[in-house]
Amino acid sequence: MGRMQVDASVGHKGQAISVLAERRVAIVHDWLPVYAGAERVLEHMLQVLPQADLYSLIEFLPPDQRAFLQGQSVRTSFIQRLPFARRAYRYYLPLAPLAIEQFDLRGYELVISSSYVVAKGVLTTAEQLHISYVHSPIRYAWDLYFQYLEEGRLTRGLRSVLARLILHYLRLYDATTASRPDVLVANSRYVAQRIWKLYRRRAHVIYPPVDTTAFTPCAEKEDYYVTVSRLVPYKRVDLIVRAFARMPRRKLVVIGDGPEFDRISRLATPNVELLGYQPFEVVRSYLQHARAFVFAAEEDFGIVPVEAQACGTPVIAYGRGGVRESVVAGETGVFFDQQTPEALCAAVEAFEQLAPQLSLARIREQAEQFNAARFQRAFGQLVARYSQKFFGSRYRAKAQVL
């Protein structure tokens, strides 16, 4: 596999900002329907580059979730004005490649794309530096392709043919536009590996920012396990509930809402409590007092396992994806190697044997490696370094007159 570089938090954020302060900057984000994981990254990009203009295909953020934009207005695409776009913007996905290419960015020197769908495909000129932070190559078009078709009941019929054609088109677009950015940045080594596999390009690694200051460790643990997740199929909360159904003496608390809520409710046994959506303060309290946080998804990074560790709470996780970079087996948690109830039950028993040896301070220390200040320093330094190379007198060696 190609070489990857994990950017350390060297240098100072202030120095990076001073280098970039005079640059005309645009930040392009895929969608802005809610404030979630990718938007946390965007929030800290805006703090590093406060002068940036912000572009997104759509912007339908609820009023109580707009604070992270820091008063910034959002320039949107024509999809914003299409019928029923607020609720059905995902149905306009086939138009997203066309829409992203309609943003006229000629007035900017530096373009940052925050991409998990099409944002990296924006059009730039040879005089512009384009750095793309890739949250993930399009999961449902690549890794989750067959799972997506099965869960959407798109395995046969005319709708299946249409879905397969659209996803084929998206794969072609995704692979083709991987050559457009000058610099690629991945949010984990796991994603950098997928970028190399799919695009054959090397990527720097800068882990997403986790607000560890919002969580405090708690040594007073109670007799329950907790999982916090949006209830969608690939999160595999159903697997967690099935596993705890086999362990009636162990209590599980499930926090989160989503289309799988009713199905998971039917799987729940008396030792499993589903709380649905809960405000941040409630989530934090449950994370602080749980014996362990349980995580069964294969994620690109996974922010909640880091938040749990910031509370001094160990993690029991499926051992694939970015979680292998945020959790240390035997020190801050335990992994299971198959997405089956049997494997998770075995991991819980292994955790119970390990639990007396775990250090709350060590668990918290692990979480601090992913704090927001580190992201800002690493991201600011990387952008400043490539800006100096690109706009400096030394750059231009790639073109040779014969």
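Surrounding CZ of F78 are more than 12 heavy atoms belonging to other residues, nucleotides or ligands, all under 6.0 Å away. By the neighbour-count criterion of 12 heavy atoms within 6.0 Å, atom CZ of R320 is sparsely surrounded, having that number or fewer from other residues, nucleotides or ligands. Surrounding CZ of F280 are more than 12 heavy atoms belonging to other residues, nucleotides or ligands, all under 6.0 Å away.
Aromatic rings from F60 and Y89 are positioned such that their centres are separated by 6.0 Å or more. Separation of the Y286 and Y224 ring centroids falls under the 6.0 Å cut-off. Between Y148 and Y234, the ring center distance fails the sub-6.0 Å criterion.
Ionic pairing of E260 and R263 is present here: one or more N-O contacts between side-chain nitrogen and carboxylate oxygen are shorter than 4.0 angstrom. In summary, R180 and E101 engage in a salt bridge, as defined by a charged side-chain N under 4.0 Å from a carboxylate O. A salt bridge does not link E220 to R291: none of the charged nitrogens lies less than 4.0 Å from a carboxylate oxygen. A salt bridge does not link E281 to R284: none of the charged side-chain nitrogens sits closer than 4.0 Å to a carboxylate oxygen.
Taking the ring centre of F391 as origin, the terminal cationic atom of R23 falls inside the region bounded by 6.0 Å and 45° from the ring axis.
Looking at heavy atoms from C-beta onward, P137 lies in side-chain contact with D174 at the 4.5 angstrom threshold. Between Y140 and L93 there is a side-chain heavy-atom pair separated by less than 4.5 Å. A 4.5 Å side-chain heavy-atom check between I131 and V111 finds every atom pair outside the cut-off. In this structure the side chain of T313 never reaches within 4.5 angstrom of the side chain of V315, judged on heavy atoms. Proximity of L49 to M45: side-chain heavy atoms (C-beta onward) are nowhere separated by under 4.5 Å. No side-chain heavy atom of R364 sits less than 4.5 Å from a side-chain heavy atom of Q309. Counting heavy atoms from C-beta outward, Q72 and L46 have side chains that approach closer than 4.5 Å.
Counted by atom type alone, S115 and H135 present zero donor-acceptor pairs between their side chains at under 3.5 Å. In this model, a donor atom of one side chain and an acceptor atom of the other lie less than 3.5 Å apart for T177 and K120. Using modelled atom types and a 3.5 Å distance limit, the side chains of Y108 and D53 yield a donor-acceptor pair. Looking at Q353 and E349, their side chains never bring a donor and an acceptor atom within 3.5 Å of each other. A donor-acceptor contact closer than 3.5 angstrom links the side chains of D300 and S136.
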- What do the steps show when you test F295 against Y318 for ring pair (Phe, Tyr, Trp, His ring centres under 6.0 Å), and what is the final call? CA-CA 6 Å; F295 189 71; Y318 176 50; 9.3 Å; no
- Task: Quick one: do V134 and L184 satisfy side-chain contact (heavy atoms from CB on, under 4.5 Å)? Show the steps, please.
- Result: CA-CA 7 Å; V134 180; L184 293 181; 4.1 Å; yes
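In this pair, Y35 and F68 present their aromatic rings tilted. The plane angle is within the 30 to 60° band. The aromatic rings of F375 and F379 sit parallel to each other, their planes meeting at less than 30°, with 60° as the upper class boundary.
Atoms CD and CD, from Q288 and E222 in turn, are 10.5 Å apart once rounded to the nearest 0.5 Å. With rounding to the nearest 0.5 angstrom, the CG atom of L129 is 5.5 Å from the CZ atom of F390. We find the CD-CD distance between Q366 and E331 to be 8.0 Å, quoted to the nearest 0.5 Å. Atom-to-atom distance recorded for F146:CZ and T155:OG1 is 11.5 Å, nearest 0.5 angstrom. In this structure, Y55 OH and S77 OG are separated by 12.5 Å, a value rounded to the nearest 0.5 Å. In this structure, the separation between CG on L267 and CG on D238 is 6.5 Å, given to the nearest 0.5 Å.
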Which atom pairs, one a donor and one an acceptor, fall under 3.5 Å between side chains of residues 26-33 and the rest of the protein, sequence neighbours left out?
from	atom 1	to	atom 2	distance (Å)
H29	ND1	S114	OG	3.0
H29	NE2	W31	O	3.3
H29	NE2	E39	OE2	2.7
D30	OD1	V118	N	2.8
D30	OD1	A119	N	2.8
D30	OD2	Y116	N	2.6
D30	OD2	V117	N	2.9

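Not a single salt bridge (Lys or Arg N to Asp or Glu O under 4.0 Å) links R230 to another residue, sequence neighbours left out. With sequence neighbours left out, the salt bridge (Lys or Arg N to Asp or Glu O under 4.0 Å) criterion links E325 to no other residue.
Of the residues listed (Q80, R75, R66), the one engaging E59 in a side-chain hydrogen bond (donor to acceptor under 3.5 Å, both in side chains) is R66, and it is the only one.
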